[in-house]
Asks: 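Take this structure first; my questions come after.
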Amino acid sequence: MINVTLPDGSKRQYEDGASPADVAKSISNSLAKAALAAKVNGEMYDLNRPLEHDADVAIVTAKDQDGLELIRHDAAHVLAQAVQELYPDTQVTIGPVIDDGFYYDFAREVPFSTEDFERIEKKMEEIVDKDYPIIREVWSKDEAIETFKKIGEDYKAQIIDDIIPPGDPITVYKQGDWFDLCRGPHLPSTGKLPKAFKLMKLAGAYWRGDHRNEMLQRMYGTAWANEKDLKAHLLRIEEAEKRDHRKLGRELELFHLQDEAQGQVFWHHKGWTLYRVLQDYMRRQQIENGYREIRTPELMDRTFWERSGHWDKYRENMFISSIDEEEKVLAVKPMNCPCHVQVFNHGQKSYRDLPLRLAEFGSCHRYEPHGALHGLMRVRAFTQDDAHIFCREDQITDEVKAFCDMLRTVYSDLGFDDVVVKFSDRPEVRVGSDEVWDRAENALRTAADATGLEVIHNPGDGAFYGPKLDFILRDAIGREWQTGTIQADFNLPERLDASYVGEDGEKHRPVMLHRAILGSFERFLGILIENYSGAFPMWLAPTQVVVATITSEADEYAKKAVERLRAAGLRAEIDTRNEKINYKVREHSLQKVPVIAVVGQREAEETTVALRRFGSKGQEVLGLEEAAGKLSDEATPPDMARARR
RNA sequence: GCCGGUAUAGCUCAGCUGGUAGAGCACCUGAUUUGUAAUCAGGGGGUCGGGGGUUCAAGUCCCUCUGCCGGCACCA
């Protein structure tokens, strides 16, 4: 007999050889129908795989995250089967589950086209209709390699050869005539796969993710528990496209990009206003947190970059400048760190000067590969909100803590409260002694925990020069963006010979903390645009108020009103065009201006304004003075509002 | 950089199997003075991304370069 404990704590007994399917059946018919797989002592089991001994058993259905992954995994298998039935000259490789769906990498001479999708999807549905039982088999490694080689699946044979330790058995899943190497688990039959999948896009991908290997054809698909979820997902994609910062950048007249300046931004007035507002805000934060702003050169001699070590490592990605007849080669700075060390090194530093926090809105240029460029998110010319904290080892903890606090405040002010921290510790290849690493890792870890944010541990993923924290924020539609970072560095101060005089009168090496909160202004603005979908909160909005007239009789008063609003510090514009008020309201609403102040003859006579806020149809009639005060309060940046309280 | 796709007016797009360009919006001009998401009428605007080829004839077919898009690789 086998004793089974269910998730609610109840216990049941089954015959030897019983499977999770039997467990489900014994509970209810509907559960037996909905069952896709089971979690046995935390491990995923096929529904028909016999239970070996007493166990905790939880039946997995499409409602569980595990169930959804199962569905996606099976969708990948069904896709592979469909493709191989339709295009026998195709070899399969791998097909994992990803966010919202799955992909499968195929090797085939002839390129697939998205026009093939309809045919493939139809075939996939046929496979579901045929309801092939999915059967798990255990093969020996050699047997598996031989079988896959025999049918011309060289990639599969190679995977088995590389990842399965010799002597270990492997599992193969069969559905109809088709079979694939797979750890499992799987649905009991192809008929259990909900017809709520869709092929999405086609892309190239290197075999095993290595650019030296041949390129495979990757088919992306999405799969859900039911059609409703699928539809909802497709709708979410549409919504995300609507808030694409490149589209909004054009529509809201924020910026543009053009061929002659690839990866560089032409900021238009409104976009630049947004940029400046953000920069002013960051500057105030830095001052408040004891940073000293500096500015360093953009072109420096190549020998300087050789010393810093960047020439060797990043030469390919650096812009170079040389002048005829001069032998000097200058490089445009790709980062600010070495320059900040120069400022630190200038003159003598004492332990009393530490921690020294040097900040720069550093303009950097990197020759990013063509294929990497993407709107504001990945550019070749960008500005970091960069700073380097020079400190003693025993100051690291406090500095990292203070930084985390500052970062949380900034993100929260900018509308991001959903943040996670990634903590990466020592990699195998590194500089610095283990004792120093111990201390630095401890400091970062403690600070990360103190933020109260979710901490993800990334063992061995630190830089060779020190451990780091990375900050990831989630935007309004759930996408994640890695933005902030703080990294301890034991290497560069050594390389560029930074030192301070300690209490003992001897020279010591400072530790350098590299840190950024936004990362780059360009990218962060891209994230902000998409997060707010262009409808910025009042304090960030490039245009905060538009005074719009109803008839030309109100023009004079409108001028007076806009002057008053500007005097109150508001970014106010006037619209006296000879157009209907409907037209003006529509246009400024499309421009997502937070407040439209409508003025007609009535308002002119009474010295009032009729305020209409973005996203609402109502109006609020206020005296001009009162409106100026109220709106200016609303437009106050959050940090200044805090200071006033 | 690699794979695939794509490039027509400022924007969004149409232009079938080759027969020398079209719509809506935007823009300009005029009329209209209007009460909260598009007033009406008229007008201007494109060497169809660059170069080469096939053809009597190329926006349309072929080659090539470049940009852009979707991924992959890269991201100090």
Side-chain angles (χ1 to χ4, degrees), chain A residues 98 103 105 108 110-115 200-220 241 244 246-247 250-251 253 256-263 305 308-318 333-338 364 366-375 377-380 382 384 386 463-465 468 482 485 487 489 491-492 514 519-520 523 548-555 576-591 596-603 610-621:
Chain A
I98 50 171
Y103 68 76
D105 284 348
R108 181 181 179 232
V110 189
F112 286 108
S113 128
T114 46
E115 281 160 30
M200 302 298 288
K201 54 196 173 192
L202 213 47
Y206 296 107
W207 165 235
R208 317 198 108 184
D210 189 327
H211 70 279
R212 288 164 300 194
N213 289 341
E214 61 271 49
M215 191 151 260
L216 306 169
Q217 298 190 63
R218 178 169 294 180
M219 256 181 226
Y220 285 91
E241 277 167 10
D244 188 308
R246 292 165 298 186
K247 183 168 152 357
R250 188 177 53 241
E251 288 173 359
E253 301 167 57
H256 87 266
L257 302 163
Q258 71 184 51
D259 299 355
E260 291 87 345
Q262 282 172 43
W305 299 107
S308 73
H310 292 96
W311 187 267
D312 265 1
K313 223 174 156 186
Y314 299 108
R315 163 70 190 86
E316 293 290 297
N317 297 308
M318 285 165 74
K333 81 172 166 190
M335 54 170 355
N336 310 297
C337 331
C364 297
R366 294 179 188 171
Y367 187 77
E368 303 287 4
H370 287 88
L373 301 178
H374 178 94
M377 301 303 191
R378 189 85 178 265
V379 287
R380 287 184 175 157
F382 55 97
Q384 296 177 319
D386 205 2
F464 75 96
Y465 51 74
K468 62 174 181 174
Q482 186 168 320
T485 186
Q487 313 176 355
D489 185 354
N491 179 54
L492 204 59
H514 304 250
S520 101
R523 191 171 110 100
T549 52
I550 293 172
T551 69
S552 53
E553 284 172 4
D555 284 4
T576 54
R577 288 174 305 170
N578 177 10
E579 294 289 351
K580 284 189 168 175
I581 192 63
N582 295 25
Y583 181 88
K584 295 185 185 179
V585 165
R586 176 181 154 81
E587 204 162 81
H588 300 302
S589 297
L590 289 172
Q591 285 290 308
I596 304 173
V598 176
V599 295
Q601 222 174 336
R602 201 156 62 219
E603 286 76 12
L611 303 182
R612 180 193 166 112
R613 282 160 202 280
F614 179 75
S616 86
K617 285 192 163 117
Q619 346 170 6
E620 182 187 14
V621 181

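Throughout, protein chains are lettered first and strands after them, A, B, ... in sequence-line order, and every chain is numbered starting at 1.
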Asks: Base, sugar-phosphate, or nothing for A:Arg612, non-hydrogen atoms under 4.0 angstrom?
Replies: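 A:Arg612: base contact, heavy atoms under 4.0 Å.
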
Asks: Strictly below 4.0 Å: does A:His588 bring a side-chain N or O up to OP1 or OP2 of B:rU36?
Replies: no

Asks: Could you tell me whether A:Ala205 contacts a base, only the sugar-phosphate backbone, or nothing, with contacts defined as non-hydrogen atoms closer than 4.0 Å?
Replies: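 Sugar-phosphate, no base atom in range.
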
Asks: NA contact type, A:Glu241, heavy-atom cut-off 4.0 Å: base, sugar-phosphate, or nothing?
Replies: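 Touches nothing.
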
Asks: By the 4.0 Å heavy-atom rule, please label A:Lys201 as base, sugar-phosphate, or nothing.
Replies: sugar-phosphate

Asks: Give a yes/no on whether any side-chain N or O of A:Arg246 is located under 4.0 angstrom from OP1 or OP2 of B:rG70.
Replies: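 Answer yes for this pair, as a side-chain N or O of A:Arg246 is under 4.0 Å from OP1 or OP2.
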
Asks: Check every strand shown and say whether A:Gln601 touches a base, only sugar-phosphate, or nothing at a heavy-atom separation below 4.0 Å.
Replies: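 The residue A:Gln601 makes base contact.
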
Asks: Please confirm whether any donor atom in the side chain of A:Glu115 sits under 3.5 Å from an acceptor in the base of B:rG5, or the reverse.
Replies: no

Asks: Report which part of the nucleic acid A:Ile581 touches: base, sugar-phosphate, or nothing (heavy-atom distance under 4.0 Å, all strands).
Replies: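 Sugar-phosphate, backbone atoms only, no base.
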
Asks: Please figure out whether A:Leu216 or A:Val599 has its closest RNA chain B nucleotide nearer the 5' end.
Replies: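 The residue whose closest nucleotide sits nearer the 5' end is A:Leu216.
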
Asks: For A:Gly309, which contact category applies under a 4.0 Å heavy-atom criterion: base, sugar-phosphate, or nothing?
Replies: nothing

Asks: Need one value for A:Ala548: base, sugar-phosphate or nothing, where a base atom within 4.0 Å counts as base even if backbone is also close, heavy atoms only.
Replies: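 Nothing: the residue A:Ala548, judged by heavy atoms under 4.0 Å, touches no strand.
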
Asks: Does the side chain of A:Arg250 get closer than 4.0 angstrom to OP1 or OP2 of B:rU12 through an N or O atom?
Replies: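 So the side-chain polar atoms of A:Arg250 do come within 4.0 Å of the phosphate oxygens OP1 or OP2 of B:rU12, strictly under.
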
